[in-house]
Amino acid sequence: MSRIGNKTITIPAGVEVTISEGNEVTVKGPKGTLTRQFDSRMTIEQSGSEVTVRRPNDEKHVKQLHGTTRALIHNMVVGVSEGFKKELQITGVGYRAEAKNNVLTLNMGFSHPVIINVEEGLKVETPKRDQIVVTGIDKQRVGELAANIRAVRKPEPYKGKGIAYKDEHIRRKEGKKAA
């Protein structure tokens with residue numbers, strides 16, 4: 001079941017992985033440091049520039065935990081070496097975004113601007129008025145902030161107006177027909 005869990009994680013140059021008591025994994029790299037506590041049933045071993053995750057038995061929930069543990073450690077390694085990025089696209093007349101000093105201001109057709117405070121460790125840029133780029137080293141936090149920004153005004157199916165991910169396909173509806 002867990003083919004992902006059986007893969008080894010290759011550590012790139014410049015990244016340091018430390019495994020301490022109680023399965024606490026710390027990954028240091030050029031972009032920052034991430035620490036996470038994992039289930040004590042998993043055996044996390046480091047040999048040279050590879051990390052492997054082993055499971056104690058073949059029960060279903062242990063297999064699921066095995067794959068999840070490996071994926072989370074891999075995301076930590078990728079995050080501190082390359083980082084993660086989510087791009088959002090704004091569609092609609094008068095809709096725009098502006099990022100200043102860890103504050104994102106969205107004008108989305110409401111009677112007031114929507115203000116989103118950006119957490120420390122994440123970065124939000126607006127290269128154009130209709131584009132938002134969220135970057136950071138923690139994949140979960142980057143995705144969560146991007147989802148919260150998108151939730152301000154989800155793309156509607158008739159004209160496609162709203163905030164959508166860059167590669168997202170919006171299913172369009174036809175609307176009313178003229179008589």
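Note that the numbering runs from 1 along the sequence shown for the chain.
A 4.5 Å side-chain heavy-atom check between T135 and L122 finds every atom pair outside the cut-off. With a 4.5 Å cut-off on side-chain heavy atoms, I116 and L106 count as touching. Counting heavy atoms from C-beta outward, H74 and M76 have side chains that stay 4.5 Å or more apart.
For the salt bridge (Lys or Arg N to Asp or Glu O under 4.0 Å) test, no residue two or more places apart in sequence or in another chain qualifies with D167. K154 pairs by the salt bridge (Lys or Arg N to Asp or Glu O under 4.0 Å) definition with nothing, not counting sequence neighbours. Checked against side-chain hydrogen bond (donor to acceptor under 3.5 Å, both in side chains), E82 has no partners two or more places apart in sequence or in another chain. K166 meets the side-chain contact (heavy atoms from CB on, under 4.5 Å) test with E87; sequence neighbours excluded. Residues meeting the salt bridge (Lys or Arg N to Asp or Glu O under 4.0 Å) test with K173, sequence neighbours left out: none. Here R129 pairs with nothing under the salt bridge (Lys or Arg N to Asp or Glu O under 4.0 Å) rule; sequence neighbours left out. Remark: H61 pairs with R41, E59, Q64 by the side-chain contact (heavy atoms from CB on, under 4.5 Å) rule, at least two apart or across chains.
Apart from V93 itself, the hydrophobic cluster it occupies contains nothing, where clustering links Ile, Leu, Val, Met, Phe, Trp and Tyr at side-chain heavy-atom distances under 4.5 Å. Cluster partners of V133, using a side-chain heavy-atom cutoff of under 4.5 Å among ILVMFWY residues and allowing indirect links: none. Other members of a hydrophobic cluster containing I170 are absent, since no ILVMFWY side chain comes under 4.5 Å of it, directly or through relayed contacts.
The two residues G160 and T91 have their closest heavy-atom pair at O-CB, 3.6 Å. For the residue pair P155 and A164, the shortest heavy atom distance occurs at CG-CB, 3.9 Å. Contact detail for T126 and A99: the closest heavy-atom pair is OG1-N, 3.5 Å.
Placement of L34 and V134 in two distinct hydrophobic clusters is found when ILVMFWY residues are connected by side-chain heavy-atom separations under 4.5 Å, directly or transitively. Residues V103 and V124 do not share a hydrophobic cluster, clusters being chains of Ile/Leu/Val/Met/Phe/Trp/Tyr side chains in contact below 4.5 Å. Under a hydrophobic clustering in which Ile, Leu, Val, Met, Phe, Trp and Tyr are joined whenever their side-chain heavy atoms come within less than 4.5 Å, directly or via other members, I9 and I4 fall into different clusters. Residues I163 and L104 share a single hydrophobic cluster, defined by chaining ILVMFWY side chains whose heavy atoms lie under 4.5 Å apart.
Separating the OH atom in Y95 from the CD1 atom in I90 is a distance of 10.5 Å, to the nearest 0.5 Å. In this structure, CD1 in I73 is found 6.5 Å from OG1 in T69, a value given to the nearest 0.5 Å. Remark: E98 CD to I115 CD1 distance equals 10.5 Å, nearest 0.5 Å. Of the inter-residue distances, the one linking T52 atom OG1 with K7 atom NZ reads 15.0 Å to the nearest 0.5 angstrom. Atom CZ of residue R70 and atom CG of residue N6 lie 10.0 Å apart, to the nearest 0.5 angstrom.
For Y158, the OH atom sits in a loose shell: 12 or fewer heavy atoms of surrounding residues, nucleotides or ligands are nearer than 6.0 Å.
Looking at R54, its side chain never comes within 3.5 Å of a backbone N or O of I44 through a donor-acceptor pair.
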Please list, one pair per line, the donor and acceptor atoms closer than 3.5 Å that link side chains of residues 137-153 to other protein atoms, with sequence neighbours excluded.
from: D138; atom 1: OD1; to: Q140; atom 2: N; distance (Å): 3.3
from: R141; atom 1: NE; to: E119; atom 2: OE1; distance (Å): 3.1
from: R141; atom 1: NH2; to: E119; atom 2: OE1; distance (Å): 3.1
from: R141; atom 1: NH2; to: E120; atom 2: O; distance (Å): 2.5
from: N148; atom 1: ND2; to: E144; atom 2: O; distance (Å): 3.4
from: R150; atom 1: NE; to: E168; atom 2: OE1; distance (Å): 3.3
from: R150; atom 1: NH2; to: E168; atom 2: OE2; distance (Å): 2.7
from: R153; atom 1: NE; to: M108; atom 2: O; distance (Å): 2.9
from: R153; atom 1: NH2; to: M108; atom 2: O; distance (Å): 3.2

Distance-only criterion, 3.5 Å: show the donor-acceptor pairs between side-chain atoms of residues 14-32 and protein atoms not counting sequence neighbours.
from: S20; atom 1: OG; to: E24; atom 2: O; distance (Å): 3.2
from: N23; atom 1: ND2; to: D39; atom 2: O; distance (Å): 2.7
from: N23; atom 1: ND2; to: M42; atom 2: O; distance (Å): 2.6

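We find that K123 and E125 are joined by a salt bridge, their nearest charged nitrogen and carboxylate oxygen being less than 4.0 Å apart.
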